[in-house]
Trainee: 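Okay, handing you the structure first.
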There are 2 protein chains.
Amino acid sequence: MKPVTLKQIAETLGISITTVSKALKDYPDVSKKTKRLVKDLAETLNYKPNAFAVNLRTRESKTIGLIIPEVVHHFFSNVVKGIIAQAEKKGYLVIILQSNESYELEKKQINLLLSKQVDGILISIANGTADFSHLQTAMENDVPLVMFDKIAKIVNCSKIIIDDRKAAYTATKHLIDSGCKKIAHFRGPLMPQNSIDRFLGYKKAIEDHGMLYDSSLVYICEKVNFDEGKLFAQRLVKNHKDVDGIFINGDLVAVGAISALNELGVSIPDQISIVGFSNWFMSSAITPSLTTIDQPGYKMGKKAFKLLYKELKAKKRKQEILPQTVELETTLIKRNSTK
Amino acid sequence: MKPVTLKQIAETLGISITTVSKALKDYPDVSKKTKRLVKDLAETLNYKPNAFAVNLRTRESKTIGLIIPEVVHHFFSNVVKGIIAQAEKKGYLVIILQSNESYELEKKQINLLLSKQVDGILISIANGTADFSHLQTAMENDVPLVMFDKIAKIVNCSKIIIDDRKAAYTATKHLIDSGCKKIAHFRGPLMPQNSIDRFLGYKKAIEDHGMLYDSSLVYICEKVNFDEGKLFAQRLVKNHKDVDGIFINGDLVAVGAISALNELGVSIPDQISIVGFSNWFMSSAITPSLTTIDQPGYKMGKKAFKLLYKELKAKKRKQEILPQTVELETTLIKRNSTK
DNA sequence: GTTAATTTCGAAAACGTTTTCGATGTAAAA
DNA sequence: TTTTACATCGAAAACGTTTTCGAAATTAAC
């Protein structure tokens, strides 16, 4: 009934617990004969080491924590998938927590993970997070921390990101190159660095190409969803009839905008061209298909874990490691919403 | 540098480890004075109990495992969200694994979770799973198991499901009630019970209402994605010009079908009415908006954890508990793809 | 004043593993 | 023979907590 222990194996074999333990782990100071004996008996008794005891002894649990703002999200769920896949490869399990874009929750969850003594933490910070002491706490407690996508530059840890500014620049430039003369921007909320950077990339592209930056052409999406895309597209064609291109932060918003424009009889890309951001799987399916920036979520997840793994390894060897920032390539995917 | 232990508190206070431990847990046989002393010192030293030691001693980790076929999936990600939310409320953390619809992986992951000694397991089984001995193993090892959505009837554990057959019947009947005379069905793969039940509900509704069941009107989706919806819709209008209604397993497939029909100039719902399944968030956004069956993923997640929690509690009290099957209500959401 | 009841404490075992270090015994080298 | 080397084992400490049980100290009862 009760699980088999080293002690039981030792007793039935008439040897010590020490030798059993060492035999199972192929220590050199155990004879081949006893190794066989031990391993065979362990096999037939279906011995499984008590994970709790191993954790206590080795001071690690081969488990990491992951905090993301939202689970039901096409980008983040791809990241999660990448992290889980890579972690499993290396024998690690992943505990997932959701911050709901709330600083308070995020803080609580960091503490929760610390109290559970996860070996490391992966996090994409909430929009509401401006204070980072909880992250510092984690690092001071000697648990490696890696941030991805939504990062805090000020925190001295490894990070994995994309160049939002450059990507937005590329997207906007593509609109310009395809002949757009007046380009609007549906941006994300004011707080997170991502939407700031994407806005800045848009603005720079505009100014670099002899166009006038007009703040009335910038709409702020708070929820970054379909309905906002629809709403702002309707407002845009009403207020600025001469706009012929929109760079939109988020494919979901862009799809909403396309939907509204289709209903209004505005032809895409002839009258208005659209570029989205993130390459959602539906973006290639709608009509017209959406030109967008591919944001490699799965890859980012894998890379994020790899970075954390490096730190875990280094910590085990008691080596200091310098935090590094990895930048993933984004690519412009040209489809039918631009010329 | 090193974390504070009970021992340190005991030594600085000149009392025993026992008393410190009991003081912190408000045992009645510790005086109020020493309780204050201990708690204050623990506070100032920022004492955090060593989770590994607690786990070993109490034989539980307040962690459960979750296995789903796919993380990047609108229904499952909602379930995950519900599970995490409910688990956090009760002080449990969730380790997530993805089976990729593979029996082999699923089996491996069950064993992984068992070796990590999670307190319980939540699972939605893979399409490829026909043998259930790995699940039996879990239950024999005395770790509570609850299945949700994609279940195996034969396994004697608690389950949380919807009545797929009834829901499909309702969906099909709605098509009939709104005047459809010849109704097709895009079903899911042959294996999983869900798509079988939904097919059976469709068939029964057809036969109950004096219509002829025609197997050539049933298309089998293997991948259950947008492209299949598009493809089968195209085939359908080509081969069966008189079909005026389709019940489609999966909103994603349905959206694909709508897209194809729109392109072909087939008007929805005038020429063909469509009912989907699961109420994806995009289904209300497309044109025409999609009539569908709401499948309450978030609620299912919460309920699934609640069931597991009950079993965990019962196990702690060494009570036997009878497995129960909870059925969640589904509702027909009428939109513009049906009359 | 003794006995009984009550309050307060701590020694010690237990959870199951890992690892250090010393103790054997045996074979090879001198 | 003695010395050296090597192979094989096990005792014991350690990881940090929880909990049982008995002992001591204090108070109440008589």
Side-chain angles (χ1 to χ4, degrees), chain A residues 1-39 41-42 45-63 114-117 119 141-142 316-318, chain B residues 1-39 41-42 45-63 114-117 119 141-142 316-318:
Chain A
M1 199 63 223
K2 276 207 155 189
V4 187
T5 65
L6 290 184
K7 194 177 174 188
Q8 291 172 37
I9 296 182
E11 280 170 0
T12 57
L13 247 42
I15 58 179
S16 75
I17 296 179
T18 309
T19 306
V20 176
S21 174
K22 290 201 274 199
L24 288 174
K25 321 195 85 193
D26 267 328
Y27 270 56
D29 62 344
V30 176
S31 71
K32 297 210 187 286
K33 207 172 64 179
T34 45
K35 269 184 190 169
R36 263 275 59 79
L37 247 48
V38 170
K39 284 180 179 174
L41 185 57
L45 291 184
N46 193 26
Y47 167 76
K48 298 263 181 285
N50 182 311
F52 298 153
V54 176
N55 290 347
L56 175 60
R57 186 54 227 234
T58 62
R59 305 176 157 285
E60 62 172 12
S61 59
K62 298 269 184 190
T63 304
L114 291 182
S115 76
K116 287 275 174 171
Q117 284 165 258
D119 295 347
N141 280 27
D142 223 31
K316 233 177 175 174
R317 297 200 208 94
K318 294 184 196 306
Chain B
M1 199 62 226
K2 276 208 156 187
V4 187
T5 66
L6 290 183
K7 194 176 173 191
Q8 291 172 37
I9 296 182
E11 279 170 1
T12 58
L13 247 42
I15 58 179
S16 76
I17 296 179
T18 307
T19 307
V20 176
S21 173
K22 289 201 274 198
L24 288 174
K25 319 194 87 191
D26 268 327
Y27 270 57
D29 63 343
V30 177
S31 71
K32 295 210 188 286
K33 207 171 67 178
T34 46
K35 269 183 188 169
R36 262 276 58 79
L37 248 48
V38 170
K39 284 180 179 174
L41 185 57
L45 290 185
N46 192 28
Y47 167 76
K48 299 263 179 291
N50 183 313
F52 299 153
V54 176
N55 290 348
L56 175 59
R57 187 49 228 237
T58 63
R59 304 173 159 288
E60 64 172 11
S61 59
K62 298 268 183 189
T63 304
L114 290 182
S115 76
K116 287 274 174 172
Q117 283 166 255
D119 296 346
N141 279 27
D142 220 31
K316 233 176 173 172
R317 297 200 208 92
K318 294 182 195 308

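All values reported here derive from a predicted model rather than from experimental measurement.
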Trainee: Measure the distance from CG on B:Leu13 to P on C:dT8 and round it to the nearest whole Å.
Mentor: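 Going from CG in B:Leu13 over to P in C:dT8 covers 16 Å.
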
Trainee: List the residues meeting salt bridge (charged side-chain N to carboxylate O under 4.0 Å, His left out) with A:Glu11, not counting sequence neighbours, and say none if there are none.
Mentor: none

Trainee: Which comes earlier along DNA chain C counting from the 5' end, the contact point of A:Thr58 or that of B:Lys32, where each point is its nearest nucleotide?
Mentor: B:Lys32

Trainee: If the condition is salt bridge (charged side-chain N to carboxylate O under 4.0 Å, His left out), which residues does A:Arg59 pass it with, not counting sequence neighbours?
Mentor: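 Once residues adjacent in sequence are excluded, A:Arg59 has no partner under the salt bridge (charged side-chain N to carboxylate O under 4.0 Å, His left out) criterion.
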
Trainee: Please state how far atom CG in A:Leu56 lies from atom P in C:dA14, giving the value in whole angstrom units.
Mentor: 17 Å

Trainee: Please state how far atom CG in A:Asp26 lies from atom C1' in D:dT8, giving the value in whole angstrom units.
Mentor: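 Spelled out: CG on A:Asp26 to C1' on D:dT8 is 15 Å.
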
Trainee: Can you check whether B:Ser16's main-chain N or O pairs, donor with acceptor, with B:Thr18's side chain at less than 3.5 Å?
Mentor: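 Between the backbone of B:Ser16 and the side chain of B:Thr18 there is no qualifying donor-acceptor contact (under 3.5 Å).
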
Trainee: Can you check whether B:Ser21 has a side-chain N or O nearer than 4.0 Å to OP1 or OP2 of D:dT18?
Mentor: yes

Trainee: Less than 4.0 angstrom between a side-chain N/O of B:Ser31 and OP1 or OP2 of C:dC9, yes or no?
Mentor: yes

Trainee: Scan residues 16-31 of chain B for pairs that pass salt bridge (Lys or Arg N to Asp or Glu O under 4.0 Å), counting only residues two or more places apart or in two chains.
Mentor: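 Of all non-adjacent pairs touching residues 16-31 of chain B, those that pass salt bridge (Lys or Arg N to Asp or Glu O under 4.0 Å) are B:Lys22-B:Asp29, B:Asp26-B:Lys35, B:Asp26-B:Lys39.
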
Trainee: Please list, pair by pair, any protein nitrogen or oxygen found under 3.5 Å from a nitrogen or oxygen in nucleotides 10-13 of chain D.
Mentor:
| unit_1 | atom_1 | unit_2 | atom_2 | d |
| --- | --- | --- | --- | --- |
| D:dG10 | OP2 | A:Ser16 | N | 3.0 |
| D:dG10 | OP2 | A:Ser16 | OG | 3.1 |
| D:dG10 | OP2 | A:Thr19 | OG1 | 2.6 |
| D:dG10 | O6 | A:Lys22 | NZ | 2.6 |
| D:dA11 | N7 | A:Thr18 | OG1 | 3.3 |
| D:dA11 | N6 | A:Thr18 | OG1 | 3.0 |
| D:dA12 | N6 | A:Thr18 | OG1 | 3.1 |

Trainee: Quickly work out the B:Lys25 NZ to D:dT19 P distance and round it to whole Å.
Mentor: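 After rounding, the gap between these two atoms is 5 Å.
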
Trainee: Main chain of A:Gln117, side chain of B:Lys48: is a donor-acceptor contact present, judged purely on distance under 3.5 Å?
Mentor: no

Trainee: Have a look at B:Tyr27 and say if it touches a base, only the backbone sugar-phosphate, or nothing, with a 4.0 Å heavy-atom cut-off.
Mentor: sugar-phosphate

Trainee: Taking only residues two or more places apart in sequence or in another chain, which ones pass side chain to side chain contact (heavy atoms under 4.5 Å, CB included) with B:Leu114?
Mentor: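 With sequence neighbours excluded, B:Leu114 shows a side chain to side chain contact (heavy atoms under 4.5 Å, CB included) to B:Ile110, B:Asn111, B:Ile121, B:Thr137, B:Ala138, B:Asn141, B:Val143, given in chain and number order.
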
Trainee: Write down the distance between CD (B:Glu60) and C1' (C:dG16), rounded to a whole number of angstrom.
Mentor: 17 Å

Trainee: Please enumerate all residues that pass side chain to side chain contact (heavy atoms under 4.5 Å, CB included) together with B:Ala53, with sequence neighbours excluded.
Mentor: A:Leu56, B:Asn50

Trainee: Just how far, in rounded Å, is C1' of D:dT18 from CG of B:Leu24?
Mentor: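 Going from CG in B:Leu24 over to C1' in D:dT18 covers 12 Å.
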
Trainee: Can you check the B:Arg36 CZ to C:dT8 P distance for me, whole Å?
Mentor: 15 Å

Trainee: Find the distance B:Phe52:CZ to C:dT17:P and express it as a whole number of Å.
Mentor: 16 Å

